[in-house]
Amino acid sequence: MSFNIALWLSQDAITNGAIYALLALALVAVYTVTRVIFVPQGDFISLAALSLATLQAGLVPGTVYLLIGGGLLITAIDGVAVLRKKKLKRFAAIALENIALPAVIAGAAVWSASRPEDILLQVAVTLAIVTPMGPMLYRLAFQPVANAPILVLLIIAVAVHYMLTGMALVFFGGEGVRTQLLPDISFQLGVLNITGQSLAVIITSLVLIVLLAILFGSTVYGKALRATALNRTGARLVGISSEFTGRLSFALAALIGAASGILVSPFTTIYYDTGFLISLKGFVGAIIGGMTNYPLAALGSLLVGFLESFSSFWASTFKESIVFTLIIPVLLWRSLTTHRVEEDEEP
Amino acid sequence: MSALDVRDLSVGYGKVKVLHGLSLAVPEGAIATVIGPNGAGKTTLLMALMGLIPGRGAVVYGDRDIAADSTEERVGYGLCLVPERRELFSDMPVADNLLLGAFPRIRRGARDVEDDVAAVYQRFPRLQERRTQLAGTLSGGERQMLALGRALMARPKLLMLDEPSLGLAPRIVRDIFQVIADLKSTGVSILLVEQNARAALQVADYGYVLEMGELVLEGPASELAANPRVLESYLGLAHSPE
């Protein structure tokens with residue numbers, strides 16, 4: 001291998017590793033706050049990429065119906081409960097969030113579909129469609145069983161993943177898509193041919209990672225998320241509701257998944273089930289971080305990116321196997337070096 | 001007028017009944033204490049009052065029955081528990097622990113949280129010295145101060161304290177009880193659960209004795225302190241007269 005090839009492979013590695021890092025951070029956030037191992041993380045990638053491609057084709061994506069349906073379901077469940085208690089204000093808030101907001105987003109989607117040249121609008125609408133799905137999923141699938149053992153939550157997460165994959169197939173069919181985000185600009189840096197797309201991925205990922213660091217380090221909402229992860233009982237006793245932190249962490253996960261989907265779709269063909277494989281690599285990164293350590297998870301994801309890119313050069317048929325085999329030595333290393341923390345000591 | 005009125009409260013873990021139909025009250029602006037031996041159900045009582053475990057019976061706070069409300073809602077009403085295990089955010093600095101004590105107020109848009117932090121530092125100067133230190137690295141006494149300070153950040157109307165003296169040196173216990181007495185003078189109603197019956201009955205206005213999940217005695221704290229049964233079982237005078 002020449003130095004030049006190593007440089008090319010590294011560029012690839014960093015571009016992919018940045019996406020894996022974002023996904024790994026989302027997985028760590030969701031796991032530490034809600035104890036859910038968030039298998040459906042990757043489905044947001046597919047849903048976002050397919051929605052964006054549909055908008056670019058001048059059509060309204062089916063995910064809009066998913067959003068409206070989820071909103072109606074939640075209004076039916078929560079709305080009836082608060083109406084029975086005669087809390088009209090609370091009902092208005094629920095209806096506003098779950099009926100009016102999806103309706104506005106649907107309107108924006110219709111408008112965006114009529115303007116195929118407005119890429120910025122398409123990106124904004126895609127984010128607006130996918131992000132609310134996070135809190136909706138939390139409300140419908142996880143909030144009712146928030147105190148269940150981790151294994152139960154994992155099994156539900158797997159079920160939700162299959163449901164979302166199925167929905168994506170129903171709404172978008174089995175065809176793969178690519179999206180057009182930036183004009184095909186590229187420039188030469190030494191031997192490297194740097195494309196605008198890969199630069200956009202790296203810069204956007206870095207910006208998002210910095211924003212996440214600010215959220216968790218300096219804002220009271222981020223601190224509330226960390227507090228819930230550190231001590232569930234303590235968080236409840238100061239009035240941080242697990243419903244609130246659960247919804248917030250799921251919204252973050254959906255936003256990150258949607259952003260990743262938008263970022264990868266110009267250079268990866270996305271099918272209804274592609275997102276899952278991408279997020280699995282973020283998983284390897286998150287596992288390197290023990291599912292709890294944000295910086296280690298991000299670095300681990302970068303390592304996954306390098307491993308993937310170099311093994312695709314040396315042994316391309318075994319590319320995926322090599323990446324996923326990494327889990328075994330990592331788990332060995334982690335089980336030897338970390339003390340096992342009891343799942344929870346709550347009554 | 002009672003700040004808290006508990007009527008016929010029963011609590012159990014699965015089939016094991018821990019509390020059998022307790023009725024007790026915390027008078028407005030006063031300190032009520034529940035004393036009793038290990039395993040009597042004192043901690044269970046506080047956890048049920050806070051909504052951390054389900055119970056049967058009425059819990060009337062002010063003029064509403066809050067028995068069906070969540071822990072977070074009760075915090076919103078002005079109830080606050082300083083638990084026996086402190087339940088601090090150990091990997092976060094002292095200052096963040098205090099800030100999060102005011103989380104529901106911040107969400108409602110409170111602007112005076114910094115003043116409250118300053119007030120807590122004034123009450124516990126040690127916490128100000130250690131404000132950038134992680135809560136998990138504090139000593140036992142400092143952890144209790146932080147737990148109390150974090151509770152005060154919520155501006156509680158009814159403060160419940162579970163064994164605030166547990167595991168602390170006598171001098172620090174005195175300090176903590178001094179703070180409890182100070183808090184009462186600011187109008188906070190307090191429900192104090194203690195094994196240290198002597199200190200509890202000294203600071204309290206009214207007392208209950210809980211044994212095996214049932215209230216066996218109650219009365220003004222000064223009368224309880226003179227009750228022969230309390231003297232023998234909880235103040236240890238029969239065995240080691242002072």
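All of these numbers come straight from a predicted model, not from anything done at the bench. Labels below follow one simple rule: chain letters A, B, ... track the order of the sequence lines, proteins then strands, and each chain is numbered from 1.
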Review point. Quick one: salt bridge (Lys or Arg N to Asp or Glu O under 4.0 Å) partners of Lys281(A), sequence neighbours excluded?
Key: Glu308(A), Glu320(A)

Exercise for review: State the CD-CD distance between Glu243(A) and Glu72(B), to the nearest 0.5 angstrom.
Suggested key: 8.5 Å

Review point. For Arg105(B), does the CZ atom have more than 12 heavy-atom neighbours from other residues, nucleotides or ligands under 6.0 Å away?
Key: yes

Check your understanding: Looking at Ala224(A) and Phe103(B), what are the two nearest heavy atoms and their distance?
Key -> CB-CE1, 3.5 Å

Practice item. Of all the heavy-atom pairs spanning Lys223(A) and Met92(B), show the shortest one and how long it is. Key: O-CE, 3.6 Å

Check your understanding: For Ala235(A), is it the side chain, the backbone, both, or neither that has a heavy atom closer than 4.5 Å to a heavy atom of chain B?
Key -> both

Study note, to complete from the structure: In terms of heavy-atom pairs under 4.5 Å with chain A, the winner among Leu81(B), Leu79(B), Asp91(B) is Asp91(B)

Point to revise | Within 45° cone of Phe244(A) ring axis and under 6.0 Å: Arg107(B) NZ or CZ | key: yes

Check your understanding: Where do Ile240(A) and Leu100(B) land on the side chain to side chain contact (heavy atoms under 4.5 Å, CB included) test, with the steps shown first?
Key -> CA-CA 8 Å; Ile240(A) 302 171; Leu100(B) 287 169; 4.1 Å; yes

Point to revise | Gap between atom CZ of Arg232(A) and atom CD of Glu87(B) - 0.5 Å precision | key: 12.0 Å

Exercise for review: First locate atom CG of Asn231(A), then atom CZ of Arg86(B), and finally report the distance between them rounded to the nearest 0.5 Å.
Suggested key: 13.0 Å

Exercise for review: Give, for atom CG of Leu237(A) and atom CG of Leu52(B), the distance between the pair rounded to the nearest 0.5 Å.
Suggested key: 5.0 Å

